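Taking it in order: structure first as structure tokens, then the write-up.
Side chains are part of it too, since the values below use all heavy atoms of this structure and drop only hydrogens, waters and symmetry mates. Please read these numbers as outputs of a predicted model, since none were measured by experiment.
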Amino acid sequence: MKGVEIITFRPQLASYFTSINKEWVEQYFSLEPFDIAQLEDPQGYIIDRGGEVLFAEVSNKVVGTVALVKTDEDRVYEIIKMGVLPASQGKGVGLALLEAIIQKAKEKGARKVILYSSSKLQSALRLYKKAGFVEVEKECGKYERCDVKMEILII
């Protein structure tokens with residue numbers, strides 16, 4: 001989308017991370033304890049643990065967000081909490097966020113980026129495939145609402 005600016009986390013943007021993600025999670029699912037922890041303290045649960053939180057701005061308005069967390073596996077990062085406000089969906093904001101967060105993973109030395117999603121979120125799954133993610137076998141019990149695991153190898 002033309003005019004999308006990707007910006008990094010600043011404490012004054014934390015409320016956007018919370019509100020944008022609460023909106024989509026509560027629309028399709030319910031908030032789980034890990035959601036609440038991440039949304040209430042992105043600095044402590046994401047940034048301070050080696051992760052990233054990015055935002056998409058259009059005309060100086062925050063319209064989307066995404067985060068990246070380091071997993072316990074060597075050089076593997078997970079994309080979490082990706083959301084775009086409904087009025088900005090389908091305009092390239094999600095793809096811009098996804099490309100930017102993959103670039104952040106590369107800068108951190110990632111060998112692989114994973115994500116978990118749900119078959120309920122068909123437009124998100126199409127977006128991930130467009131960015132190069134492929135579906136892989138999902139291990140049991142990672143997240144209640146997720147029935148899809150995808151990954152992309154970083155070369």
Side-chain angles (χ1 to χ4, degrees), residues 1-71 75-118 120-133 142-143 145-146 148-154:
M1 177 181 188
K2 193 172 183 174
V4 176
E5 183 181 354
I6 303 299
I7 56 176
T8 58
F9 181 84
R10 297 187 305 268
Q12 61 266 39
L13 297 174
S15 64
Y16 292 105
F17 183 72
T18 302
S19 63
I20 291 170
N21 280 297
K22 271 188 175 180
E23 183 175 340
W24 76 261
V25 172
E26 290 176 335
Q27 178 181 353
Y28 295 99
F29 312 101
S30 60
L31 290 171
E32 296 181 46
F34 73 89
D35 291 312
I36 296 165
Q38 293 167 342
L39 295 175
E40 288 181 352
D41 185 13
Q43 180 74 48
Y45 278 87
I46 299 168
I47 307 286
D48 292 348
R49 296 178 180 184
E52 295 280 342
V53 177
L54 299 179
F55 298 89
E57 264 188 356
V58 176
S59 301
N60 295 315
K61 181 179 182 219
V62 174
V63 298
T65 186
V66 65
L68 182 74
V69 294
K70 189 167 183 355
T71 70
R75 296 178 45 222
V76 177
Y77 286 80
E78 179 183 350
I79 292 175
I80 63 168
K81 301 294 181 282
M82 182 166 164
V84 175
L85 293 175
S88 297
Q89 291 175 2
K91 299 178 181 176
V93 174
L95 186 59
L97 281 166
L98 199 52
E99 289 173 346
I101 207 72
I102 291 168
Q103 181 58 41
K104 288 289 185 184
K106 287 179 184 178
E107 291 168 10
K108 290 178 174 293
R111 66 177 177 82
K112 179 169 58 173
V113 177
I114 63 172
L115 61 83
Y116 295 86
S117 191
S118 170
K120 289 182 179 181
L121 306 174
Q122 286 299 309
S123 60
L125 296 176
R126 284 191 297 276
L127 175 66
Y128 302 143
K129 288 178 183 174
K130 183 176 182 176
F133 282 84
K142 178 72 174 168
Y143 301 114
R145 66 176 169 252
C146 299
V148 175
K149 179 179 180 182
M150 301 180 89
E151 70 180 28
I152 188 170
L153 299 178
I154 307 295

Before accepting this row, confirm whether a basic side-chain N of the pair Asp35/Lys22 lies closer than 4.0 Å to the acidic partner's carboxylate O.
-> no
Can Glu52 and Lys108 be counted as an ion pair, charged N to O under 4.0 angstrom?
-> yes
Separation between [atom1] of [X] and [atom2] of [Y], rounded to the nearest 0.5 Å:
X	Y	atom1	atom2	value
Gln27	Glu23	CD	CD	7.0 Å
Lys81	Thr18	NZ	OG1	10.5 Å
Glu5	Lys61	CD	NZ	15.5 Å
Arg145	Leu121	CZ	CG	9.0 Å

Of all heavy-atom pairs between [X] and [Y], which one has the smallest distance, and what is that distance?
X	Y	answer
Ala37	Tyr45	O-CD1, 3.4 Å
Asn21	Met82	OD1-N, 3.8 Å
Val53	Ala67	CG2-CB, 4.0 Å
Tyr77	Gly50	CE2-O, 4.0 Å
Val4	Ala96	CG1-CB, 4.0 Å
Val93	Ala56	CG1-CB, 3.6 Å

Could you give me the CA-CA distance, side-chain angles and deciding distance for Leu95 and Lys130, then say whether side chain to side chain contact (heavy atoms under 4.5 Å, CB included) is met?
-> CA-CA 8 Å; Leu95 186 59; Lys130 183 176 182 176; 4.0 Å; yes
Under 4.5 Å between any side-chain heavy atoms of [X] and [Y], yes or no?
X	Y	value
Ile79	Ile114	no
Leu54	Lys104	yes
Thr65	Tyr16	no
Leu127	Leu98	yes
Ile20	Val84	no
Glu151	Val76	no
Leu39	Phe17	yes
Pro86	Trp24	no

Verdict with supporting geometry, Ile154 and Arg75, side chain to side chain contact (heavy atoms under 4.5 Å, CB included) = CA-CA 10 Å; Ile154 307 295; Arg75 296 178 45 222; over 6 Å; no
I would like to know whether Val113 and Phe133 meet side chain to side chain contact (heavy atoms under 4.5 Å, CB included); could you show each step before the answer?
-> CA-CA 9 Å; Val113 177; Phe133 282 84; 4.1 Å; yes
Is NZ or CZ of Lys120 both nearer than 6.0 Å to the six-membered ring centre of Tyr28 and within 45° of the ring axis?
-> no
Leu115 vs Lys149, side chain to side chain contact (heavy atoms under 4.5 Å, CB included): CA-CA, chis, key distance, verdict | CA-CA 6 Å; Leu115 61 83; Lys149 179 179 180 182; over 6 Å; no
Kindly check if the number of other-residue, nucleotide or ligand heavy atoms within 6.0 Å of OH (Tyr116) is above 12?
-> yes
